[in-house]
Number of protein chains: 2
Amino acid sequence: MPGSSPQTSPQTLPGGAAFLLSQVGAHVAARFSESVAPFGLKPYHAGILSVLANKPGLTQQSLADLLGIFPSRLVALLDDLAKLKLIERRATPSDRRTYALHVTRAGTEMWQTIGKQAEQMEEDICASLSAKERATLAELLTRIVTQQQITPGVHPGFRKLGGGSCDDEAGSKR
Amino acid sequence: MPGSSPQTSPQTLPGGAAFLLSQVGAHVAARFSESVAPFGLKPYHAGILSVLANKPGLTQQSLADLLGIFPSRLVALLDDLAKLKLIERRATPSDRRTYALHVTRAGTEMWQTIGKQAEQMEEDICASLSAKERATLAELLTRIVTQQQITPGVHPGFRKLGGGSCDDEAGSKR
DNA sequence: TATTGTTATACTCTATAACTATA
DNA sequence: TATAGTTATAGAGTATAACAATA
């Protein structure tokens, strides 16, 4: 592509704050994914650990509601965590259909280890920002989270897609 | 000293700027996905349109390299766009193996329509921020993009995963 | 009859490898 | 022999539906 048409001014998309947010967000998510991979975990495992650490005793149903995923999907994720002895399902005396979900001792330690790594990652990602600028960034983002009614501490990456009526005109058939 | 008392204070993760970035980024991405769905498009279709609008004449190979995806995957995506008459593959006289990728007239219009919708979305997402604060946000994010060596205008969501050696200890077998 | 957790199935998406036609 | 594009295949990931146990 010689020349690459100097006339075409960079359109709206790549310049705007929204695109930048999505771009940097995806980058951070990828980095985080790498940081938990050595433990045999995926980001959503860490997300579940995070929620359960702060809200112990949830049932699977209520956790699925909170995260916005299907209970059937949650089963496999909890199986993974239970196999690693990071969480446990405790029987509920009052209702024998439900389990109370709890983070184990090992799970708490894992959670803290992940937290430390996340701090280090943040240090790296915000390396070009001063302490004051980081605070500003966090403040602005927090305001967006509040105004957009995103559940604090819950990653939207969990949410089921279903959003718009995807006509799927562009479905790749062959 | 993991106290791990029942009243665990909100740990590092959900509070930090990194988590917020990932959280808001995923939210923006989901919103954008909804905004292009009515056209029968997915976000990566828009991403391709964006790149080709600014760099016309790329070959599929070089485009795949730029986006960080496998050429085989690109084929289906380009087929989708070509079926909708938004892009076209032009024969290259010098090398009959390659195609020069170009955005059609309709593709340019689509690209502009998407851009307008994106502006509107940004307006909504940044509603709680003043004009000056938006500029600050964009500036801080741009600095992160530069320092983290993210390709400007290219969304990392494209990139092939392979990152870390995922032992997959937590593979859900049954 | 309704609900919780689980299992089973189908569908989508993506990576890998094989294939063709040009060079 | 090497490269661009394509096709084919297989594997992961996820949504939907059916199921057993309990309320």
Side-chain angles (χ1 to χ4, degrees), chain A residues 1 30 33 37 40-45 47-48 57-83 87-101 157-163 166-174, chain B residues 30 33 37 40-45 47-48 57-83 87-101 156-163 166-174:
Chain A
M1 26 62 25
S33 181
L41 299 178
K42 296 284 175 82
Y44 33 73
H45 291 127
I48 290 173
L58 284 178
T59 65
Q60 297 190 191
Q61 190 71 35
S62 51
L63 178 59
D65 284 346
L66 181 60
L67 295 176
I69 65 176
F70 290 98
S72 58
R73 186 185 165 196
L74 188 56
V75 172
L77 302 180
L78 291 175
D79 283 349
D80 296 336
L81 290 170
K83 201 175 300 175
I87 63 122
E88 60 184 11
R89 295 183 239 234
R90 292 186 196 158
T92 307
S94 58
D95 187 339
R96 284 190 301 187
R97 291 175 304 180
T98 68
Y99 292 111
L101 299 170
F158 278 109
R159 300 226 86 80
K160 25 200 172 190
L161 312 166
C166 187
D167 300 346
D168 205 24
E169 286 279 346
S172 49
K173 283 272 172 47
R174 56 183 53 117
Chain B
S33 181
L41 299 178
K42 296 284 176 81
Y44 33 74
H45 291 126
I48 290 174
L58 284 178
T59 65
Q60 297 190 191
Q61 191 71 37
S62 51
L63 179 58
D65 283 346
L66 181 60
L67 295 177
I69 66 177
F70 289 98
S72 58
R73 185 186 165 194
L74 187 55
V75 172
L77 302 180
L78 291 175
D79 283 349
D80 296 336
L81 290 170
K83 201 175 300 174
I87 64 122
E88 61 185 10
R89 297 182 238 234
R90 293 187 196 158
T92 306
S94 59
D95 187 338
R96 284 191 301 188
R97 291 174 304 180
T98 68
Y99 293 111
L101 299 170
F158 279 108
R159 301 227 87 79
K160 25 199 172 189
L161 312 166
C166 186
D167 300 346
D168 205 24
E169 286 279 346
S172 50
K173 282 275 170 45
R174 57 181 53 112

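Lettering of chains follows the sequences in order, A, B, ..., and the numbering in each one begins at 1. As the structure is a prediction and not an experimental result, all values here were calculated from the model.
For A:R96, there are no side chain to side chain contact (heavy atoms under 4.5 Å, CB included) partners, not counting sequence neighbours. Scanning for side chain to side chain contact (heavy atoms under 4.5 Å, CB included) contacts around A:S72 gives A:F70, with sequence neighbours left out. Considering only residues two or more places apart in sequence or on other chains, A:R97 meets the side chain to side chain donor-acceptor pair (under 3.5 Å) condition with A:D95. Residues satisfying the side chain to side chain contact (heavy atoms under 4.5 Å, CB included) criterion with A:Y44, sequence neighbours excluded, are A:K42, A:R73, A:L77, A:F158.
Considering only the side chain of B:P71, D:dT6 comes nearest among D:dT14, D:dT6, C:dT6. For B:Q60, the listed nucleotide lying nearest its side chain is D:dG5; candidates were D:dT14, D:dT16, D:dG5.
As judged by a 4.0 angstrom heavy-atom cut-off over every strand, A:T59 is placed among residues touching the sugar-phosphate backbone only.
Using a 4.5 Å cut-off on side-chain heavy atoms (C-beta onward), A:D79 and A:R89 make contact.
The base of C:dT16 is paired with the side chain of B:S72 by a donor and an acceptor separated by under 3.5 Å.
One interatomic measurement links the two molecules: CG of A:L74 to P of D:dT16, which rounds to 16 Å at whole-angstrom precision. The interatomic distance linking A:K42 (NZ) with D:dT14 (P) rounds to 8 Å, in whole Å. At whole-Å resolution of the value, CZ in B:R73 and C1' in C:dT12 are 12 Å apart. D:dG11 atom C1' lies 13 Å from atom CZ of B:F70, rounded to whole Å. Here the P atom of nucleotide D:dG5 and the CD1 atom of B:I87 are 12 Å apart, to the nearest Å. For A:L58 and C:dT4, the CG to C1' distance is 14 Å, given to the nearest whole Å. Between the CD atom of B:E88 and the P atom of D:dG5 there is a distance of 15 Å, given to the nearest Å. Per the geometry, CD1 belonging to A:I69 stands 12 Å off C1' belonging to D:dA15, to the nearest Å.
Nearest approach of A:L66 to A:R159, heavy atoms of both residues: O-NH1, 4.3 Å.
For DNA chain D, the residues of residues 91-99 of chain B within the heavy-atom distance limit of 4.0 Å (strictly under) are B:R97, B:T98, B:Y99, sorted by number.
Under 4.0 angstrom from either OP1 or OP2 of D:dA4 there lies at least one side-chain N or O belonging to B:Q61. Residue A:R159 places none of its side-chain N or O atoms closer than 4.0 Å to OP1 or OP2 of D:dA15.
Applying the side chain to side chain donor-acceptor pair (under 3.5 Å) test to residues at least two apart or on different chains, the pairs with a partner in residues 61-71 of chain A are A:T59-A:S62.
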